[in-house]
Participant: 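Can you read through this structure? Questions will come right after.
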Amino acid sequence: MDPVKANILIINGPNLNLLLRRQPEIYGNRSMEQIMLDIQRQHMDVAFTYRQSNHEGDLIDWIQQAEGYTALILNAGGYTHTSVALRDAVELCLVPVIEVHLSHIHQREEFRQQSLLGEVCVNSIYGIDCYEKAVDYTMSRYC
């Protein structure tokens, strides 16, 4: 086995534990477990740490503890549009943060179109394959 080239922290916010129960036409037909298996198969030389919580404080704590990772891939769910505290944590994060969303938020309801995080992330990636693209971006940019 090849040595680990990167260690990537993936943090998901509220309701992302319910992917298969939520509008597959918007969020796709894969569970988060399947997404993680897919990206691990594509990147055997990357160590992934995955965390999910429906609680804002957990997300903030994990972002503040991200030092030592190559990058952080963050899907903050609904907190993307509402949490100044989460934005502040991302802005102060010691590793690059890539914002991801399974849906195209700019094509959705008006209240979902504003991301408070985008300006403080190194990249924002949208679409069903956003996690794969975020890992590819991390590998091409930081490894």
Participant: Could you give the distance from CG (Leu74) to OG (Ser124), rounded to the nearest 0.5 Å?
Facilitator: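 Rounded to the nearest 0.5 Å, the CG-OG separation comes out at 10.0 Å.
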
Participant: Would you find more than 12 non-hydrogen atoms of other residues, nucleotides or ligands less than 6.0 Å from Arg141 atom CZ?
Facilitator: no

Participant: Parallel, tilted or perpendicular for Phe48 and His43, by the 30°/60° rule?
Facilitator: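 The rings of Phe48 and His43 stand perpendicular, inter-plane angle above 60°.
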
Participant: Which heavy-atom pair separates Leu102 from Ile35 by the least distance, and what is that distance?
Facilitator: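 What the structure gives for the nearest pair is CD2-CD1, 4.4 Å.
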
Participant: Between Thr70 and Thr138, which heavy-atom pair has the shortest distance, and what is it?
Facilitator: CG2-CG2, 4.0 Å

Participant: So, the side chain of Arg87 versus the backbone of Leu117: is there a donor-acceptor pair under 3.5 Å, distance only?
Facilitator: no

Participant: Students often mix this up, so state it plainly: with edges at 30° and 60°, are the rings of Tyr142 and Tyr137 parallel, tilted or perpendicular?
Facilitator: perpendicular

Participant: Under a single-linkage definition using a 4.5 Å side-chain heavy-atom cutoff for Ile, Leu, Val, Met, Phe, Trp and Tyr, are Met36 and Leu72 assigned to the same hydrophobic cluster?
Facilitator: no

Participant: Should Arg41 and Asp38 count as an ion pair when the cut-off is N to O under 4.0 Å?
Facilitator: yes

Participant: Leu16 and Asn75: side chain to side chain contact (heavy atoms under 4.5 Å, CB included), yes or no, with the steps?
Facilitator: CA-CA 8 Å; Leu16 286 156; Asn75 185 339; 3.4 Å; yes

Participant: Are there more than 12 heavy atoms of other residues, nucleotides or ligands under 6.0 Å from atom CD of Gln64?
Facilitator: yes

Participant: Apply side chain to side chain contact (heavy atoms under 4.5 Å, CB included) to Val90 and Ile63, showing your working.
Facilitator: CA-CA 7 Å; Val90 169; Ile63 291 167; 4.0 Å; yes

Participant: Go through Asn123 and Glu99 one step at a time and tell me if the side chain to side chain contact (heavy atoms under 4.5 Å, CB included) criterion holds.
Facilitator: CA-CA 6 Å; Asn123 198 356; Glu99 173 189 30; over 6 Å; no

Participant: Are any of the side-chain heavy atoms of Ile11 and Ile73 separated by less than 4.5 Å?
Facilitator: no

Participant: May I ask you to test the Leu19-Arg30 pair for a side-chain heavy-atom distance under 4.5 Å?
Facilitator: no

Participant: Write down the atom of Tyr131, the atom of Met32, and the distance for their closest heavy-atom approach.
Facilitator: OH-CE, 3.5 Å

Participant: Looking at every non-hydrogen atom in both residues, tell me the closest pair between Asn54 and Gly13 and how far apart they are.
Facilitator: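 Asn54 and Gly13 have their closest heavy atoms at OD1-O, 4.2 Å.
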
Participant: In terms of hydrophobic clustering (I, L, V, M, F, W, Y; side-chain heavy atoms under 4.5 Å; direct or indirect links), are Val122 and Ile8 co-clustered?
Facilitator: yes

Participant: Rounded to the nearest 0.5 Å, what separates atom CD in Glu91 from atom SG in Cys121?
Facilitator: 10.5 Å

Participant: Can you check whether Glu132's main-chain N or O pairs, donor with acceptor, with Gln42's side chain at less than 3.5 Å?
Facilitator: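 The answer is no, because no donor-acceptor pair under 3.5 Å joins these two groups.
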
Participant: Is a side-chain N or O of Asn7 found less than 3.5 angstrom from the main chain of Gly68, in a donor-acceptor match?
Facilitator: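 Yes.
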
Participant: Closer than 3.5 angstrom, by distance alone: can the side chain of His101 be matched with the main-chain N or O of Tyr126 as a donor-acceptor pair?
Facilitator: no

Participant: May I have the step-by-step check of side chain to side chain contact (heavy atoms under 4.5 Å, CB included) for Met139 and Val46, ending in yes or no?
Facilitator: CA-CA 9 Å; Met139 299 304 289; Val46 176; 3.6 Å; yes

Participant: Considering all heavy atoms of both residues, which atom of Ala85 and which atom of Ile60 are nearest to each other, and what is their separation?
Facilitator: CB-CD1, 3.7 Å

Participant: Between Leu86 and Leu116, is there a side-chain heavy-atom distance shorter than 4.5 Å?
Facilitator: no

Participant: In the single-linkage hydrophobic clustering (I, L, V, M, F, W, Y; side-chain heavy atoms under 4.5 Å), do Val95 and Val120 co-cluster?
Facilitator: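 Yes, same cluster.
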
Participant: Mind checking whether Ile98 and Ile125 have side chains closer than 4.5 Å, heavy atoms only?
Facilitator: yes

Participant: Give the minimum heavy-atom separation between Thr80 and Ser115, together with the two atoms involved.
Facilitator: CG2-OG, 3.4 Å

